[in-house]
Number of protein chains: 2
Amino acid sequence: MKLTEARQHFISSWGAFGTHWGINRTMAQIHALLLISPDPLTQDDIMEELNISRGNTNMNIRELINWGLVERVLLSGERKEYFTAEKDIWKVVKQIVKERKKRELEPMLQLLDKLEEVEGDKRDRHVKIFVDTVGGIKKLGKQADKTLDVMIRAEETWFVGNLLKMFK
Amino acid sequence: MKLTEARQHFISSWGAFGTHWGINRTMAQIHALLLISPDPLTQDDIMEELNISRGNTNMNIRELINWGLVERVLLSGERKEYFTAEKDIWKVVKQIVKERKKRELEPMLQLLDKLEEVEGDKRDRHVKIFVDTVGGIKKLGKQADKTLDVMIRAEETWFVGNLLKMFK
DNA sequence: CCGAATTTTCAAAATTTATTGAAAATATAT
DNA sequence: ATATATTTTCAATAAATTTTGAAAATTCGG
């Protein structure tokens, strides 16, 4: 397979993959493109390569910056802004985990805390199943939260090494 | 908080949560409702409780069955079908992981295998970054795949125990 | 086999989400 | 300060996804 074709495949699959994870296609594609670009790109480079509008490009780049996956680069003597993505995949994964934990897991745990305090008699089957279910989710969620905290701080070698030990 | 209100909250949050994970709102809500229902429910029960149409209910129940999260229950002497969800959250999580691994991670790894064989000289910066990026993702993906395999087979007590050991 | 109950399908409608592109805002060189 | 390049915003539009509901198919008791 030629490089040009392989790049196309990679970008479109990364985009499709993203949509299964609540990330919009364009954002994932821009990320993919930056991942496989040896040098920083401008907005115009990205627009041209992916055939998307200026507005769309701009918004999704900013969103990637919010996620901590892309950063602005100022090239001396250049007026335009350039963008580049973190290439170390382990760092990328940790960053995504960190953000999703903050945006989704933590608010969910807060809600569950409140819901567990529902008033009513546990001898009522409906109360019992509700409290038990919420409690069960909370317990697992808290464990996941702790585990992810450690993962976020870990080095890949340490982490993978430990997983191998744990599982063999 | 009263039970009725708490149930509403739980169902709607579970739905919103689902949409961040590529699962449609209704499917997640039906799942939530079944999780907190002590007894199996019929399609009509679900339609009424969530105010959704018959077709929508039917399609999403079937999808939940495909995911292995809900099952049909036949109550003797009843003509209607009843549905119930697995209540053990650890089993639920394992089932979701198992499905997503099969549907998403494995196809992605297959693609990466092919993409890594791109032809071209690695002294070309574009070839090099492409091969390195794809290789890096593949390596981490394979590790995740193995780890998830073990997790899917694990008991919660064993798994949590090991994580605690690992991280403390 | 008939008829009623129940489930499933799917084209059309509604809703949600993503994208465009031009105008406004901002930044920079001279 | 002005002109020009560049970035950002956002209302309008387009596209994708979800939902409806009625018709078709299926199931099952008698």
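This one's a predicted model, so the numbers in the text were calculated from it and none came from an experiment.
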For residues 64-75 of chain A, the salt bridge (charged side-chain N to carboxylate O under 4.0 Å, His left out) pairs (sequence neighbours left out) are A:Arg72-A:Glu81

Could you tell me whether A:Lys102 and A:Glu106 have a side-chain N and a carboxylate O separated by less than 4.0 Å? no

B:Ile61 has an atom CD1; how far is it from atom C1' of C:dT7, in whole Å? 10 Å

Identify, with sequence neighbours excluded, every residue that meets salt bridge (Lys or Arg N to Asp or Glu O under 4.0 Å) alongside B:Glu48. none

Output every pair passing salt bridge (charged side-chain N to carboxylate O under 4.0 Å, His left out) with a member in residues 13-42 of chain A, not counting sequence neighbours, ordered by first then second residue. A:Asp39-B:Arg125

Protein-nucleotide distance (B:Leu74, atom CG; C:dT6, atom C1'), rounded to Å: 13 Å

What residues form a salt bridge (Lys or Arg N to Asp or Glu O under 4.0 Å) with A:Glu78, not counting sequence neighbours? none

What residues 26-41 of chain B contributes to the DNA chain C interface at heavy-atom separation below 4.0 Å is none

Five-pair end axes of the helix from C:dC1-D:dG30 to C:dT30-D:dA1, angle between them (10°): 30°

Selection residues 88-124 of chain B - residue pairs positive for ring-ring contact (aromatic ring centres under 6.0 Å, His included), sequence neighbours left out: B:Trp90-B:Phe159

When rounded to whole Å, the CE to C1' distance for the pair A:Met47 and C:dA18 reads 16 Å

Set of salt bridge (Lys or Arg N to Asp or Glu O under 4.0 Å) partners for A:Lys142, sequence neighbours left out: A:Asp113

Salt bridge (Lys or Arg N to Asp or Glu O under 4.0 Å) filter on A:Asp132, not counting sequence neighbours, yields A:Lys122, A:Lys128

Atom CD of A:Glu63 to atom C1' of C:dT17: distance rounded to whole Å? 14 Å

Rounded distance (Å) that lies between atom P of D:dA16 and atom NE2 of A:His20: 15 Å

What string of B, S and - do you get for nucleotides 1-9 of chain D, 5' to 3', if B is base contact, S is sugar-phosphate-only contact and - is no contact with any protein heavy atom under 4.0 Å? ---BBSBBB

Is a salt bridge present between B:Glu49 and B:Arg7, judged by a nitrogen-to-oxygen distance below 4.0 Å? yes

Under a side-chain separation threshold of 4.5 Å, the hydrophobic residues clustered together with B:Val73 are B:Leu75, B:Tyr82

Which whole-number value in Å describes the distance from A:Ile46 CD1 to C:dT19 C1'? 16 Å

Residues in side chain to side chain donor-acceptor pair (under 3.5 Å) with A:Arg103, at least two apart? A:Glu99

